[in-house]
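The figures here come from the full heavy-atom set of this structure, side chains too, leaving out hydrogens, waters and symmetry mates. Sequence lines set the chain letters: A, B, ... in the order given, protein chains first and strands last, and positions in each chain run from 1.
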2 protein chains.
Amino acid sequence: MEGTYKTVRALERGLEILFELNKIGRATPAQLSKATGIDRTTTYRLLHTLAAQGLVGRSPAEDSFYLLRDTRRLSDGFIETDQVLWLAGVELGKMLLKVQWPSDYATFDRGTMLIQETTHRFSSLSVHRNMVGRRRTLFSSALGRAVLAGATDSEREMILQITESSLGRPAPRNIDSLLEDFHQRGYTWSVGGSEGHISAIALPIKGKDRVVGAVNIVFFRRASTPEEIAEKHLDSLKSCVAAIEAGITKTAEDTRSLHGPTPESS
Amino acid sequence: MEGTYKTVRALERGLEILFELNKIGRATPAQLSKATGIDRTTTYRLLHTLAAQGLVGRSPAEDSFYLLRDTRRLSDGFIETDQVLWLAGVELGKMLLKVQWPSDYATFDRGTMLIQETTHRFSSLSVHRNMVGRRRTLFSSALGRAVLAGATDSEREMILQITESSLGRPAPRNIDSLLEDFHQRGYTWSVGGSEGHISAIALPIKGKDRVVGAVNIVFFRRASTPEEIAEKHLDSLKSCVAAIEAGITKTAEDTRSLHGPTPESS
DNA sequence: CAAAACTGTGCACTTAATGCACAAATCTGT
DNA sequence: ACAGATTTGTGCATTAAGTGCACAGTTTTG
């Protein structure tokens, strides 16, 4: 990412052939060579390498290669939320430039909020590091409260059920005051949170039809109050959330196009 | 495929990293290096190459890499029928050894039968070549008749509608006699087909809940009759079809397992 | 049946992938 | 808060490994 690096050509070319095969659906080595501009024999050998990996197969009758089921091994590990992760990281970075305080992006995961991305490392106003992977409670953290506030009624019910079953104890059901507070203020908050000296405000991130996660701004309890921070930085937080949400709907829109093999008839 | 070739290592290694990333979901260069056994700096550079292609992204905050949506470009071109294609090619090859006559595997595609795989090239009893991509009619070819015969009622209705709309003329609706003939004989047939001197018998290939295509045996009209060929080779044809169908259900069964990223909590 | 196109493989060339080495940054434990 | 341990990023020399030419064999075209 830093200095644009010298890339590995053999890998690039192999991938290029895979891309091409995905477009065409079926092709001979010569066709692929023409399409990619890679020398024919090189194409041939790259195809063999791909075949050895079980990614492409060759028709026993025709000379053409095509994709095999195992190509899924290259992409099945991808999950939608990863895309959001990238976005969140970028936007959090931008926000840090305006707001000095660090912030986290977290998702609801099995009863608690799982921090997925953070700018703690880059903020001079943070003592924490290694935030990613840590968890915050659903009820007492600003992040958790934001998710609860951003959820639809049915979604919230599901979240509460999951939380109860994974925590093994009943969840506090006085959510109403929390929701009211959120609608009044426009954000959720917590004071003296996880370690007694940390406070935060947070907003939910909403996807197409569900709450994806939440983003917060973290500050020292003795340094300021939620109200003061909100006054100064809520707009930044809001536009950060908006940017992430925009990215989500954008990636959701571009429906992946499957193109079947449509050889020309004679 | 022939002599196991010298594979391209750089490509293999890059793919290995992608595989690993698909398993783990999220990893630092060092982790990937350990997991794959590839030198750390090499791993690092391969990751950069993958990143340059837009396949993986790197968290701006954390050091870990993860997959991006574009990994789908590596596999979206794959279609289920391709898997069948490979199978069909192999099985047709096997059948050719027993039955001297050439045979084709074809699928229904926009109103006609599209030949996808063939052993014409390898049969000494064929004058044709370049069969793949050619088309046979739905009503007068053994292949087409086999698909009609193998379809369920609702499926057949769909096939007929598609055919009518793409041919622009009404389809013959006297299918009943065809079906009756099929159930009586156990195969479909055509005499003096596409070019006057070619005959064939055929069987449908059925997938989980739909007709996938059909396989035929082709012979010279003056050399034999459908009845004679069926007597000699229908068993071979049947076991060929059975092998392909077995392969289809097998690949359909192995449901692809998606594994989400489940980072450990602190 | 001759010409053109394509496939498969050996081989020589030198590009380009690789891993070591080192500096810088980051994390960990006390 | 500080020192040791771990990890990251990059330059560079080495040579392994990717690449394309050449040629023989096969297939397709006209």
Side-chain angles (χ1 to χ4, degrees), chain A residues 1-17 26-52 58-65 102 118-124 126-134 266, chain B residues 1-17 26-52 58-65 102 118-124 126-134 266:
Chain A
M1 288 300 157
E2 336 282 318
T4 307
Y5 232 120
K6 191 180 63 175
T7 54
V8 179
R9 191 171 61 146
L11 176 54
E12 275 181 332
R13 290 176 142 190
L15 293 172
E16 202 178 337
I17 286 177
R26 207 179 192 204
T28 62
Q31 286 176 316
L32 286 170
S33 170
K34 269 179 206 155
T36 58
I38 302 170
D39 185 273
R40 186 185 58 80
T41 57
T42 303
T43 305
Y44 182 67
R45 222 121 43 164
L46 290 172
L47 279 168
H48 266 273
T49 305
L50 293 173
R58 183 169 208 178
S59 158
E62 280 284 299
D63 287 330
S64 53
F65 286 83
T118 177
T119 58
H120 271 264
R121 284 182 13 157
F122 304 119
S123 170
S124 53
S126 170
V127 291
H128 289 103
R129 42 201 179 182
N130 247 18
M131 288 301 292
V132 173
R134 295 197 196 188
S266 60
Chain B
M1 285 301 159
E2 337 282 319
T4 306
Y5 232 119
K6 192 180 63 175
T7 53
V8 178
R9 192 170 61 144
L11 175 55
E12 276 181 330
R13 289 176 143 192
L15 293 172
E16 201 178 340
I17 286 177
R26 206 180 194 204
T28 63
Q31 287 176 315
L32 286 170
S33 171
K34 272 178 205 156
T36 58
I38 301 169
D39 185 272
R40 185 184 60 80
T41 57
T42 303
T43 305
Y44 182 67
R45 224 124 37 167
L46 289 172
L47 279 168
H48 266 271
T49 304
L50 293 173
R58 184 169 206 176
S59 159
E62 279 285 298
D63 288 330
S64 52
F65 285 84
T118 176
T119 58
H120 271 263
R121 285 183 11 159
F122 304 119
S123 170
S124 53
S126 170
V127 291
H128 290 104
R129 42 202 180 183
N130 248 19
M131 288 300 292
V132 172
R134 295 197 196 189
S266 59

Open item on the list: From CG of A:Leu11 over to P of D:dA17, roughly how many Å is that when rounded to an integer?
Closed with: 16 Å

Task: Under the side chain to side chain donor-acceptor pair (under 3.5 Å) test, residues paired with B:Glu12 that sit two or more places apart - done: B:Thr7

TODO: Please tell me if the side chains of B:Leu11 and B:Leu15 come closer than 4.5 Å, counting only heavy atoms from C-beta onward.
DONE: yes

- [ ] Just report the end-to-end axis angle for the helix from C:dC1-D:dG30 to C:dT14-D:dA17, five pairs per end, to 10 degrees.
- [x] 20°

List every contact pair, protein side and nucleotides 19-21 of chain D side both N or O, where the distance is under 3.5 Å.
residue, atom, partner, partner atom, Å
D:dT19, OP1, A:Arg13, NH1, 3.2
D:dT19, O5', A:Arg13, NH1, 3.3
D:dG20, OP1, A:Arg13, NH2, 3.3
D:dG20, OP2, A:Thr42, OG1, 2.6
D:dG20, N7, A:Thr41, OG1, 3.2
D:dG20, O6, A:Arg45, NH2, 2.7

Under 3.5 Å, N/O pairs linking protein and nucleotides 23-26 of chain C:
none

Open item on the list: According to side-chain contact (heavy atoms from CB on, under 4.5 Å), who are the partners of B:Ala10, at least two apart in sequence or on a separate chain?
Closed with: A:Val8, A:Ala10

Open item on the list: Among B:Arg26, B:Gln31, B:Arg58, which residue satisfies the side chain to side chain contact (heavy atoms under 4.5 Å, CB included) criterion with B:Ser64?
Closed with: B:Arg26

- [ ] Could you tell me whether the side chain of A:Thr43 and the main chain of A:Asp39 form a donor-acceptor pair under 3.5 Å?
- [x] yes

Task: Length of the NZ-P vector between A:Lys34 and C:dC6, whole Å - done: 4 Å

Task: Under-4.0 Å side-chain N/O to phosphate OP1/OP2 contact, B:Tyr44 with D:dT10 - done: yes

Open item on the list: Is the shortest side-chain heavy-atom distance between A:Leu32 and A:Thr28 below 4.5 Å?
Closed with: no

Task: Listed partners of B:Arg13 passing side-chain contact (heavy atoms from CB on, under 4.5 Å), at least two apart - done: B:Arg9, B:Ile38, B:Thr42, B:Leu46

TODO: Take atom NE2 of B:His48 and atom P of C:dA16, then tell me their distance rounded to the nearest Å.
DONE: 20 Å

Task: Spacing between B:Glu12 atom CD and C:dT18 atom P, to the nearest angstrom - done: 11 Å

- [ ] In whole angstrom, give the distance that lies between atom CG of B:Leu47 and atom P of D:dT7.
- [x] 16 Å

Task: Partners passing side chain to side chain donor-acceptor pair (under 3.5 Å) against A:Thr36 (at least two apart in sequence or in another chain) - done: none

